[in-house]
Amino acid sequence: MQTSIISFDRFNTLKDAEAHERIRAAKEKLGKRVVLLVHHYQRADVYQHRDLTGDSLRLSRMASEVDAEFIVFCGVHFMAEVADILSRPEQIAILPDLAAGCSMADMANLAKVERSWRELTAVLGNPDELVTPVTYINSAADLKAFCGEHGGIVCTSSNAPKILEWSFAQREKILFFPDQHLGRWTGHTMGIPLEQMVVWDPDLPSGGLTPEQIKNARMLLWKGHCAVHQMFQPSHIANWRRANPEGFVISHPESAFEVCRDSDFVGSTEYIIKVVKDAAPNTKWLVGTELNLVNRLAEEVKHEGKLVQFMSPMVCMCSTMQRIDPQHLAWTLENLAEGRVVNRITVPAHEAALAKLSRERMLAVS
Ligand code: 13P
Ligand code: SF4
């Protein structure tokens, strides 16, 4: 039985240097019992403590492969849920700060998706025969379970084209949530005309669409977006290209359609890092994704004469990813080292089984 938890109040005012010291000491005490999975967007002062790092797809694979008793996820809530779903029952997934959600993931919820499905039924008959529900991995576990139950699938920013291909092979239409931009860009790369990809506004009756629009659409794009990536504008690219005509532009597919269209390369965080690292020395890059990743990448490649610049003149950090700080990490690990589990993320078994099904379909396809 666990003794009482050390309150976070005692860590809130901890100086960074002490927090780092205590993180290292707790990690050493826990040894192989703990693994820190750290997303590319994590701040530098947390990233330095990583055991493993990657994009959402890579981290989800790692969560299913690691042996540690405690998987401490330095990322956002849906990522820790995926770790819980994919790890063995005796393993424990932990999110150091429960306020680290993903604002885009929160733009879709089960009640709204189920209502949308009923509204589609009213127009199309049985959507289970005509519409494949596809959820971006940036979504709550119950939405992944919804997809599992309705013949749908999960995708990530690395495998979206293959997943959409599979989805269209099952049924003629796709309901894609929660990120309209990833859905639209991927559909576009597959040759689907923009007018056949309509925005489904879950706050309006029938998504704000007429029955004709719904019947004619190939993709119904949930009206959701990432607050960080929507800051990037085509004018940022145009201005930069004027000053750097020989440079390259690379963006994450959560960016607006026009930004992806004007970029030379579009792909996941892992893809962005690989393309820039593999590029020729002395090349110049404008990068449209979260600032922590861009700053780190710029440092890592500058010895090769590569110049990496951030796309927006404004600071665009993922404020929820930022919630994981050395103080929360020290609090989490010290409690674990003392035999107390804090901030465990648990997905109910029936939901986890269905969510796993939609994720297994994804892995089989990609
Ligand atoms: P990646 O899967 O590319 O790491 O993206 C996750 C994410 O949240 C991007 O905003
Ligand atoms: Fe969510 Fe956007 Fe943050 Fe990614 S960058 S975790 S999509 S809010």
Side-chain angles (χ1 to χ4, degrees), residues 37-43 46-47 50 52-63 73-83 86 95-109 134-140 143-144 154-163 176-183 185-186 222-232 250-256 259-260 263 265-276 287-297 310-312 314-324 359 362-363 366:
L37 299 190
V38 177
H39 188 264
H40 291 306
Y41 291 167
Q42 286 291 294
R43 37 198 281 175
V46 168
Y47 191 83
R50 71 196 178 279
L52 298 166
T53 182
D55 63 2
S56 305
L57 180 62
R58 190 158 170 218
L59 287 170
S60 78
R61 283 213 177 95
M62 287 167 174
F73 218 112
C74 298
V76 286
H77 193 269
F78 76 82
M79 297 179 180
E81 276 190 338
V82 172
L86 299 181
L95 184 66
D97 185 345
L98 295 179
C102 164
S103 55
M104 174 213 279
D106 294 343
M107 288 178 189
N109 62 41
V134 180
T135 190
Y136 187 22
I137 196 166
N138 293 37
S139 59
L143 296 187
K144 295 180 177 101
V154 176
C155 78
T156 73
S157 54
S158 336
N159 61 20
K162 280 189 184 149
I163 300 301
F176 189 94
F177 42 87
D179 184 21
Q180 59 169 302
H181 298 298
L182 176 65
W185 178 251
T186 311
W222 195 267
K223 195 177 178 195
H225 64 268
C226 165
V228 177
H229 290 85
Q230 77 160 7
M231 304 285 275
F232 305 128
I250 188 163
S251 304
H252 195 280
E254 287 172 14
S255 309
V259 169
C260 295
S263 298
F265 304 90
V266 179
S268 75
T269 55
E270 193 83 11
Y271 172 85
I272 291 172
I273 293 168
K274 183 169 168 30
V275 169
V276 175
V287 182
T289 197
E290 206 263 354
L291 186 59
N292 280 301
L293 182 158
V294 180
N295 284 344
R296 191 174 302 126
L297 187 56
F310 185 58
M311 190 174 285
S312 170
M314 318 262 286
V315 173
C316 312
M317 280 170 165
C318 176
S319 57
T320 47
M321 286 264 182
Q322 287 283 114
R323 302 290 305 227
I324 312 292
R359 195 249 180 199
M362 170 183 91
L363 284 191
S366 64

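Note that ligands are numbered from 1 as they come in the structure, with each ligand's atoms numbered from 1 the same way. Just the heavy atoms: all of them, side chains too, but no hydrogens, waters or symmetry mates, feed the values below. One-based numbering along the sequence shown.
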Using a strict cut-off of 4.0 Å, indicate which atoms of ligand 1 neighbour a heavy atom of T269. 1 (P), 3 (O), 4 (O)
The atoms of ligand 1 lying under 4.0 Å from a heavy atom of H39, numbered in the order shown, are 1 (P), 4 (O), 6 (C)
Between S157 and ligand 1, which part of the residue brings a heavy atom under 4.0 Å of the ligand: side chain, backbone, both or neither? side chain
Show me which atoms of ligand 1 lie under 4.0 Å from any heavy atom of S268. 3 (O)
Could you list the residues that satisfy side chain to side chain donor-acceptor pair (under 3.5 Å) with S263, not counting sequence neighbours? S251
So, for F232 and F310, is the gap between ring centers shorter than 6.0 Å? yes
Can you tell me how far apart CD (Q42) and CZ (R323) are? Round to the nearest 0.5 Å. 12.5 Å
Drop me the distance from S157's OG to H229's NE2, to the nearest 0.5 angstrom. 8.5 Å
Contact (N/O only, under 3.5 Å) between H252 and ligand 1: yes
Side chains of H225 and Q180: any donor to acceptor distance under 3.5 Å? no
Counting heavy atoms only, which part of I137 comes closer than 4.0 Å to ligand 1: side chain, backbone, both or neither? neither
State, yes or no, whether a side-chain contact exists between Y271 and S268 at a heavy-atom distance under 4.5 Å. yes
Contact atoms of ligand 1, heavy-atom distance to Y41 under 4.0 Å: 7 (C), 9 (C), 10 (O)
Between T289 and Y41, a side-chain donor and acceptor under 3.5 Å: yes
List-wise, which protein N, O or S atoms are found short of 2.8 Å from atom 2 (Fe) of ligand 2? C226 SG
With atoms numbered from 1 as shown, which atoms in ligand 1 lie under 4.0 angstrom from a non-hydrogen atom of S56? 1 (P), 2 (O), 4 (O), 5 (O), 6 (C)
T156 near ligand 1 by a heavy-atom separation under 4.0 Å: no
Which is it for H229 and ligand 1 at heavy atoms under 4.0 Å: side chain, backbone, both or neither? side chain
Quick look: H40 vs ligand 1, heavy-atom contacts under 4.0 Å, and the answer is neither
With a 4.5 Å limit on heavy-atom distance, are the side chains of M362 and I163 in contact? yes
Flag for D55-T156: side-chain donor and acceptor within less than 3.5 Å: no
Of the side chain and backbone of E254, name the one, both, or neither that has a heavy atom under 4.0 Å from an atom of ligand 1. side chain
